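Structure first, commentary second.
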Amino acid sequence: MRLILFGPPGAGKGTQAQRLADCYNAIQLSTGDMLRAAAAAGTEVGLRAKAVMEAGNLVSDDIVVDIISDRIDHDDCKNGFILDGFPRTLAQAEALERMLAEKSLHLDAVIEMQVDDGLLIGRITGRYTCTTCGAGYHDKNLQPKVAGVCDKCGGTDFCRRADDNAETVMSRLKAYHDQTAPLLPFYQKRGCLLTVDGMAEIDEVTQQMKALLGAG
Ligand code: ADP
Ligand code: ADP
Ligand code: ZN
């Protein structure tokens, strides 16, 4: 399965990518996670990206295209991958198309997750993650079964992203509408665009996606 999960910040891409990766035995590729890892490791690229991310702007196309191009060559991507947060500009979509053609790989689908802007702010400001395994949670919408303990790994350490605050969200939403939303007609023309209601319950969104994609 080779899939793009497409939608604004907070739409639920990461949440669903984790579930679909398990279901279809594919790898979740989140450019946001990769950039944050590079920033935490203190690499030159990571430190440059960090400031851009914290301002809520998009990191340059060259950087993210290089990251993805290297990553999809790894063995663990052979079974398939779920792109979460890439591509985000027309230039990235065109680079991905060239990259896949060179490797004779085809994309199964692009799934757009539709969520109104008004809901996204609450999603983003309530988001937190298990530091140990990366499982995603939300203050109101998705709490661990036992307070303070990760359902997946039993970890008790959680973190919030520096850019998940009400001010930065506005720049990120603007970047989505200005630079990323124009990719919808691009994929529509290619006949691979599917849509789900991202405002439904988390389990319901997963079911909608599986119904569109067929059994794993
Ligand atoms: P994205 O990767 O698109 O930025 P996330 O998957 O991180 O979005 O989801 C943002 C926040 O919203 C997380 O805290 C997640 O638990 C919560 N969330 C995700 N999907 C839903 C949903 N369908 N309904 C309610 N909350 C959701
Ligand atoms: P969200 O889904 O909540 O927007 P991400 O983790 O996907 O969060 O992205 C966080 C930040 O990382 C973005 O605001 C942007 O600065 C940077 N980023 C991630 N992916 C890309 C990309 N494909 N192109 C440019 N910048 C990116
Ligand atoms: Zn965990």
Side-chain angles (χ1 to χ4, degrees), residues 4-20 28-39 46 48-68 82-93 95-96 111-115 119-144 148-165 168-176 179-180 183 196-209:
I4 296 175
L5 290 191
F6 188 92
K13 301 180 297 295
T15 303
Q16 299 300 333
Q18 286 180 354
R19 291 167 165 230
L20 295 178
Q28 174 190 5
L29 298 181
S30 156
T31 37
D33 285 348
M34 294 178 208
L35 291 167
R36 281 185 289 279
R48 252 194 295 152
K50 190 169 187 246
V52 177
M53 292 164 84
E54 285 179 5
N57 297 321
L58 293 184
V59 173
S60 79
D61 291 331
D62 293 352
I63 291 181
V64 287
V65 168
D66 279 354
I67 290 179
I68 285 293
I82 297 165
L83 289 167
D84 150 16
F86 179 92
R88 259 174 151 103
T89 64
L90 216 45
Q92 291 177 23
L96 176 66
I111 303 186
E112 181 203 5
M113 307 179 66
Q114 287 183 339
V115 180
L119 255 184
L120 296 171
I121 298 167
R123 290 247 188 120
I124 290 173
T125 52
R127 165 164 59 189
Y128 66 98
T129 305
C130 170
T131 313
T132 312
C133 76
Y137 294 99
H138 189 277
D139 290 330
K140 295 198 186 100
N141 306 351
L142 181 65
Q143 294 163 331
V149 182
C150 175
D151 294 343
K152 269 202 171 166
C153 76
T156 53
D157 205 24
F158 297 87
C159 54
R160 288 178 196 266
R161 283 167 41 182
D163 59 340
D164 277 351
N165 58 71
T168 309
V169 168
M170 302 317 287
S171 316
R172 289 161 60 195
L173 286 177
K174 186 171 183 332
Y176 174 77
Q179 293 169 269
T180 308
L183 294 190
V196 295
D197 174 13
M199 292 178 283
E201 299 262 323
I202 295 177
D203 286 344
E204 163 65 22
V205 177
T206 312
Q207 287 316 316
Q208 283 185 40
M209 289 183 170

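Atoms within each ligand, like the ligands themselves, are counted from 1 in listed order. What you see is a predicted model; the values in this text were computed from it and never measured.
Residues A55 and T168 come closest through the heavy atom pair C-CG2, 3.9 Å. Pairing each heavy atom of T125 with each of D139, the nearest pair is O-OD2, 4.1 Å. Considering every non-hydrogen atom in both Q208 and A200, the closest pair reads NE2-CB, 3.9 Å. Shown here for Q18 and G134, the closest heavy-atom pair between the two residues is NE2-O, 3.1 Å. Residues L58 and A175 come closest through the heavy atom pair CG-CB, 4.2 Å. Contact detail for T180 and P87: the closest heavy-atom pair is CG2-O, 4.4 Å.
Where the criterion is an N or O separation shorter than 3.5 Å, residue side chain and backbone included, V205 fails it with respect to ligand 1. Checked by distance only, ligand 1 and L142 stay at 3.5 Å or farther apart across all their nitrogen or oxygen atoms. Among the atoms of G14, some N or O lies under 3.5 angstrom from an N or O of ligand 1. Here's the thing with D84: none of its N/O atoms is less than 3.5 angstrom from an N/O atom of ligand 1.
At the shortest separation from atom 18 (N) of ligand 2 among protein heavy atoms lies L35 CD1, 3.5 Å. The closest protein non-hydrogen atom to atom 20 (N) of ligand 2 is T31 OG1, 2.8 Å. The protein heavy atom nearest to atom 8 (O) of ligand 1 is G12 N, 3.1 Å. The nearest protein atom to atom 21 (C) of ligand 1, hydrogens excluded, is given as I202 CG1, 3.3 Å; this is a heavy-atom distance. Closest to atom 17 (C) of ligand 1 among all protein heavy atoms lies R123 CD, 4.0 Å.
Only the backbone of N57 comes within 4.0 Å of ligand 2, counting heavy atoms alone; no side-chain atom from C-beta on gets that close. At a heavy-atom distance under 4.0 Å, only backbone atoms of A200 (N, CA, C or O) approach ligand 1. Using a 4.0 Å cut-off between heavy atoms, M34 makes no contact with ligand 2 at all. Counting heavy atoms under 4.0 Å from ligand 1, residue N141 touches it through the side chain alone. Using a 4.0 Å cut-off between heavy atoms, V59 contacts ligand 2 through both its backbone and its side chain.
Using a non-hydrogen distance threshold of 4.0 Å, G85 does not register as a contact of ligand 1. Put simply, no part of G136 is less than 4.0 Å from ligand 1, judged by heavy atoms. Using a 4.0 Å cutoff on heavy atoms, G32 does not count as a contact of ligand 1. Ligand 1 does not have G7 within reach: every non-hydrogen atom of the residue lies 4.0 Å or more from it.
The angle C153:SG - the Zn ion (ligand 3) - C150:SG amounts to 120°, with values rounded to 10 degrees. Seen from the Zn ion (ligand 3), atom SG of C130 and atom SG of C133 lie 110° apart in angle, a value rounded to 10°.
V149 is not listed as a side-chain neighbour of P144, based on a closest heavy-atom distance of 4.5 Å or more. Contact check for V205 versus T15: no side-chain heavy atoms found under the 4.5 Å cut-off. The shortest distance between side-chain heavy atoms of L5 and L20 falls below 4.5 Å. Proximity of Q16 to V196: side-chain heavy atoms (C-beta onward) are nowhere separated by under 4.5 Å.
Salt-bridge formation is detected for the pair R19/D203: a Lys NZ or Arg NE/NH1/NH2 atom is positioned less than 4.0 Å from an Asp or Glu carboxylate oxygen.
Near T15, meaning under 4.0 Å from any of its heavy atoms, are these atoms of ligand 1: 5 (P), 6 (O), 9 (O), 15 (C), 19 (C). Near K13, meaning under 4.0 Å from one of its heavy atoms, ligand 2 places the atoms 2 (O). Within the listing of ligand 1, atoms 13 (C), 14 (O), 16 (O) sit less than 4.0 angstrom from a heavy atom of Y137. Per-residue contacts place P9 under 4.0 angstrom from the following atoms of ligand 2 (heavy atoms of the residue considered): 1 (P), 2 (O), 3 (O), 4 (O). Taking every non-hydrogen atom of R36 and a distance limit under 4.0 Å, the qualifying atoms of ligand 2 come out as 6 (O), 10 (C). Within ligand 1, counting atoms from 1 as listed, the ones closer than 4.0 Å to a heavy atom of G198 are 23 (N). The ligand atoms of ligand 2 that sit less than 4.0 angstrom from a heavy atom of Q92 are 22 (C), 23 (N), 24 (N), 25 (C).
Comparing R161, R172, Q179 against atom 10 (C) of ligand 2, the shortest heavy-atom distance belongs to R161. When R88, M53, R127 are checked for heavy-atom proximity to atom 5 (P) of ligand 2, R88 turns out nearest.
At least one donor-acceptor pair under 3.5 Å links the side chain of R172 to the backbone N or O of D163.
The 12-atom threshold is not exceeded at CE of M170, counting heavy atoms of other residues, nucleotides or ligands nearer than 6.0 Å.
Taking the six-membered ring where the residue is Trp, Y176 and F6 present tilted rings, their angle falling between 30° and 60°.
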